[in-house]
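Quick notes on the structure that follows.
Chain A is the first sequence line, chain B the second, and so forth, proteins listed ahead of strands; every chain is numbered from 1.
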Amino acid sequence: MNVQPKTLLQKENNFSEWYNEILKRAEILDVRYPVKGVYVWYPYGYKLRNLIYTILRSLMDKEHKETLFPLLIPKEELMKEREHIKGFEEEVFWVTKGGSTELDIPLALRPTSETAIYPVFRVWIRSHRDLPLRIYQIVNTFRYETKHTRPLIRLREITSFKEAHTAHADRADAEEQVKKAVALYRKFFDELAVPYVITRRPEWDKFPGAEYSIAFDTLMPDGKTMQIATIHLLGESFARTFDIKYEDKDGSLRYVNQTCYGISERCVAAVISVHGDEHGLMLPPGVAPIQVVIVPIVYSSEGKNGEVEKVCLAVYEKLKEAGIRAFFDNSEDRPGAKYYRWEMKGVPLRIEVGPRDIRNNRCEFVRRDNFSRMQVPLGDVVSEVKGTLNKIQNDIAKRARETFFANIYKTEGDEEMEELSPKAAHGIVSIFLCESERCGQEIEEHLGVNVLGEALYGDGTENGEGGKSEGKCMICSKKGKKVYVARAY
RNA sequence: GGGGUUGUAGGGUAGCUUGGACUAUCCUUCGGCGUUCGGGACGCCGAGACCUGAGUUCAAAUCUCAGCAACCCCA
C-alpha cells in the first residue's frame with residue numbers, strides 16, 4: 001500500500017515553503033489579505049487556535065482573573081515609561097484622526113498592554129488586601145514590523161496575545177510568581193507536546209523596562225529557534241512610573257512589585273511546525289479540532305443509507321456521546337482522496353468501515369503519526385479510541401522531544417569556534433559565557449547566532465542533557481555560565 | 001537597514017525578450033449529469049484571470065514610472 005504523497009513538500013529541505021503551503025492546504029490561515037503582516041484565520045485554523053487557548057485558559061483561570069482592557073492607549077501614557085517606550089517606539093501604530101479631525105491626543109494601538117493596564121492598577125490597588133492581583137487578557141496587539149513578516153510568527157497584528165499582569169506586596173512574592181508562571185507555561189507546552197529550553201535572557205536583550213526576562217524557545221525544522229513565551233520580573237519600575245502604591249499593614253505606603261508574561265499565536269506556529277510532516281499537519285489529539293474521522297467504504301451496489309453508512313453513524317454517535325471530537329466524512333469523494341485530505345489536516349486517528357469489516361463485526365484504525373493499522377471489534381470502539389488517542393499524544397510528544405534534544409549540542413569548553421559553527425547552523429549549542437555584552441556580541445558575530453541566555457532549570461534530567469552549569473567563558477576565560485546560543489527567528 | 005526577484009481564474013502556470021490574429025495555454029479547482037468507490041477515479045457539459053493607477057502608442061498581459069502586495073539574499 002502506498003502512503004507516499006504525490007505532491008507534498010519536503011519539510012526539512014525547504015521549511016519556509018512547507019510552512020506556507022501547510023497553512024494554506026490545511027486551512028489554518030489565509031494569507032491573501034491585502035495588508036502586510038495581517039492574515040485571516042480559516043474556521044479550521046481558528047478552531048485549532050481556540051482549542052489551544054482553552055488549555056491555557058484552564059491553566060490561567062486557577063489563579064488569574066480574565067479581564068479586557070482597551071486597544072487604544074493615549075500617547076502620554078504610552079510615553080511615560082522611558083525605557084519601555086525606547087523598546088517599542090519605532091513599532092507603534094498611531095491613530096491620529098477622527099474622521100477628518102486631527103485628534104488632540106494621538107492614540108496608539110497597543111503594542112503590548114502595560115501602559116493601558118497600569119494606570120488602572122493605580123486606582124484598583126489601595127491596600128495590601130488587594131494583593132496579590134493577578135489578571136490576564138487575550139487580545140490583539142499591533143506592531144509595525146519592518147522586517148519580513150511571516151504568518152503566525154512575525155505579525156503586524158498579533159491576533160491573540162495572551163498576557164498576564166500581576167502585582168505583589170514585595171519582591172519575594174513577585175519572584176515567586178515568576179516561578180509559578182514558568183511552571184504554568186511548562187504545563188501548557190507539555191500539553192501541546194512542544195519541547196523547549198528555558199533561559200534567562202541576557203541583560204542587553206531583556207524586555208524594555210524589566211529587571212530580567214525569562215523565555216521559552218523551541219526549535220523549528222530549519223534549525224532556528226523561536227521564542228514562544230516570555231516572563232518578566234518588572235520589579236518596581238512601572239510602579240514608580242505609574243505610581244501604583246498600596247497601604248501596608250503598618251500603615252506605610254509602598255510601591256507594588258510586578259511581573260508580566262505572555263504568549264502569542266506563535267504557540268500555534270510551534271504546534272504546526274514541530275509535529276507536521278510531508279503529509280501535512282500532525283496534531284496532538286489534545287488540540288485537534290477533529291480527533292477521529294470516520295471514512296466509509298461504500299459500493300454503488302449498496303449506496304447511500306446502506307449498511308456501511310448505518311454502522312458509521314452508529315460509531316460516530318457513540319464517539320460523540322463519549323465526548324470525542326469525531327467527524328463522519330460521507331462526502332462523494334473516493335476513500336483515497338479522503339485519506340489524503342484528513343492527513344493534511346492532521347486528524348490523529350482515522351476509522352475505516354467497509355463491507356469486509358462489517359462481515360467481521362469490526363472496523364479499522366489508522367494512526368496519523370505512524371500510519372499503523374489495527375482491527376477493532378465494533379463493540380470496543382470507544383475505549384479503543386480513547387486508548388489510541390492517548391498513545392498518539394504520548395508518541396508525538398516523545399518523538400518531538402527526541403528530535404529536539406538530538407539537536408542540542410553540549411560543549412565541554414575546549415572546542416574551537418570553527419567546530420561549533422556548523423552545529424549552531426541547525427540547532428542549539430550550549431556553551432559557557434560570562435555576562436558581558438562584549439563577549440556575547442563576539443560569539444554572536446563569530447557563530448552567526450543569537451545568545452538565547454543562561455540555561456535555567458537545567459538540572460539535566462528534564463532537559464535531557466545534564467552537565468555542569470558553570471565553566472570558563474569561551475571568549476574571555478573568566479567565570480561563565482551555561483548559555484544557549486542558536487540562530488533565532 | 002541594503003540588495004534582488006515576482007504579481008495572469010480559488011491554487012499552480014504558458015504567453016512578455018521582438019506591443020497586433022490573445023476570442024489568453026495547460027494542470028488543478030468549482031457547478032451539473034452519469035458510471036465509480038479498501039490510498040488522490042473517469043466521461044460529457046458548464047464556470048472562472050492579465051494587482052492598482054498614471055504614461056508611451058493607431059494598438060499594452062507584453063514597454064516606462066509610481067503605489068500596493070508577496071518571496072529570496074545580505075547586514
Practice task
Could you give the distance separating B/U36 and B/G43 at their P atoms, to the nearest angstrom?
Solution key: 16 Å

Problem - Of the listed nucleotides B/C73, B/G39, B/G38, the one nearest the side chain of A/Glu343 - result: B/G39

Fill in the blank from the handout: To the nearest angstrom, the NE2-P distance between A/His148 and B/U5 comes to 18 Å

Problem - B/C65 to B/U17 separation - P atoms, rounded to the nearest Å - result: 15 Å

Handout entry: Nearest-angstrom distance, C1' atom, B/A75 to B/U29
Key = 42 Å

Problem - Euclidean distance for C1', B/A59 against B/G19 (whole angstrom) - result: 8 Å

Handout entry: Same-atom distance (P) from B/U52 to B/A47, integer angstrom
Key = 23 Å

Completion exercise
Winner on side-chain proximity to A/Ala337, out of B/G40, B/G38, B/A69, is B/G40

Exercise for the section: Using the aromatic ring of A/Tyr339 (for Trp, its six-membered ring), decide whether it stacks on the base of B/G39 within the limits of 5.5 Å and 30°. Expected result: no

Completion exercise
Of A/Arg341 and A/Asp333, the one whose closest nucleotide on RNA chain B sits nearer the 5' end is A/Asp333

Exercise for the section: Using the closest heavy atom to pick a nucleotide of RNA chain B for each, name whichever of A/Arg150 or A/Val366 lands nearer the 5' end. Expected result: A/Val366

Exercise for the section: Check the distance between B/G34's C1' and A/Glu332's CD and give it to me in whole angstrom. Expected result: 12 Å

Exercise for the section: For B/C22 versus B/G15, give the span between their C1' atoms, rounded off to a whole number of Å. Expected result: 9 Å

Practice task
Compute the centroid of each ring, for A/Tyr39 and then for A/Tyr33, and state whether the two points are separated by less than 6.0 Å.
Solution key: no

Handout entry: Which nucleotide in B/G39, B/G38, B/A69 has an atom nearest any side-chain atom of A/Ile297
Key = B/G38

Handout entry: Nearest non-hydrogen partners of A/Gly440 and A/Trp204, listed with the distance
Key = CA-CH2, 3.8 Å

Practice task
Classify the nucleic acid contact of A/Gly37 as base, sugar-phosphate or nothing, counting any heavy atom under 4.0 Å across all strands shown.
Solution key: sugar-phosphate

Handout entry: Check: B/G38 base within 3.5 Å donor-acceptor of A/Asp357 side chain
Key = yes

Exercise for the section: Give A/Arg350 one of three labels, base, sugar-phosphate or nothing, depending on what nucleic acid heavy atoms sit under 4.0 Å from its own. Expected result: base

Exercise for the section: Taking only the side-chain heavy atoms of A/Phe371 (C-beta and beyond), determine which of B/G38, B/G39, B/G11 contains the nearest atom. Expected result: B/G39

Problem - Between C1' of B/C71 and CG of A/Asn20, the distance in whole Å - result: 9 Å

Completion exercise
Here the pair of heavy atoms bringing A/Phe142 nearest to A/Phe93 is CB-CD1, 3.8 Å

Practice task
Take the protein atom CD of A/Glu278 and the nucleotide atom C1' of B/G40, then report the distance between them rounded to whole Å.
Solution key: 16 Å

Problem - For RNA chain B, the dot-bracket pattern of Watson-Crick and G-U pairs whose distances stay under 3.5 Å, | for other-strand partners - result: (((((((..(((.......[.....)))(((((((.....)))))))...(((((..]....)))))))))))).

Practice task
Taking all non-hydrogen atoms of both residues into account, name the closest pair between A/Ile443 and A/Met474 and its distance.
Solution key: CD1-SD, 3.9 Å

Exercise for the section: Nearest whole angstrom, please: distance from the C1' of B/G11 to the CD1 of A/Ile22. Expected result: 15 Å

Practice task
Can you tell me, in whole Å, how much space there is between the C1' of B/G7 and that of B/G53?
Solution key: 15 Å

Exercise for the section: Report yes if a side-chain nitrogen or oxygen of A/Thr146 is closer than 4.0 Å to either non-bridging phosphate oxygen (OP1 or OP2) of B/G1; otherwise report no. Expected result: yes

Practice task
Write down the distance between CE (A/Met344) and P (B/G40), rounded to a whole number of angstrom.
Solution key: 16 Å

Practice task
Respond yes when some side-chain nitrogen or oxygen of A/Arg373 is under 4.0 Å from OP1 or OP2 of B/G38, and no when none is.
Solution key: no

Exercise for the section: Mind checking A/Lys24 for me? I need base, sugar-phosphate or nothing, with any heavy atom below 4.0 Å counting as a touch. Expected result: sugar-phosphate

Handout entry: A/Arg334 side-chain N/O to B/G38 phosphate OP1/OP2 under 4.0 Å
Key = yes

Problem - Charged tip of A/Arg350 within 45° of A/Tyr339 ring normal and under 6.0 Å - result: yes

Handout entry: Cationic tip of A/Lys472 above A/Phe432 ring, under 6.0 Å, 45° of axis
Key = no

Exercise for the section: Cation-pi check, A/Arg373 to A/Phe365: give yes when NZ or CZ is under 6.0 Å from the six-membered ring centre and within 45° of the ring axis, no otherwise. Expected result: no

Exercise for the section: Please determine if A/Lys398 and A/Glu402 form a salt bridge, counting it only when a charged side-chain N lies under 4.0 Å from a carboxylate O. Expected result: yes

Problem - Atom C1', compared across B/A24 and B/A60: separation rounded to whole Å - result: 14 Å

Problem - Carboxylate-amine/guanidinium contact A/Arg341 A/Asp329, below 4.0 Å - result: yes

Practice task
Can you run down the salt bridge (charged side-chain N to carboxylate O under 4.0 Å, His left out) pairs that involve residues 209-220 of chain A, sequence neighbours left out, and say none if there aren't any?
Solution key: A/Arg171-A/Glu211, A/Arg201-A/Asp217

Fill in the blank from the handout: Between NZ of A/Lys36 and C1' of B/C51 the distance, given in whole Å, is 17 Å

Practice task
Round to a whole Å and report the spacing from OH of A/Tyr33 to P of B/A70.
Solution key: 13 Å

Practice task
Record whether the side chain of A/Glu21 comes under 3.5 Å of the base of B/G12 through a donor-acceptor pair of N or O atoms.
Solution key: no

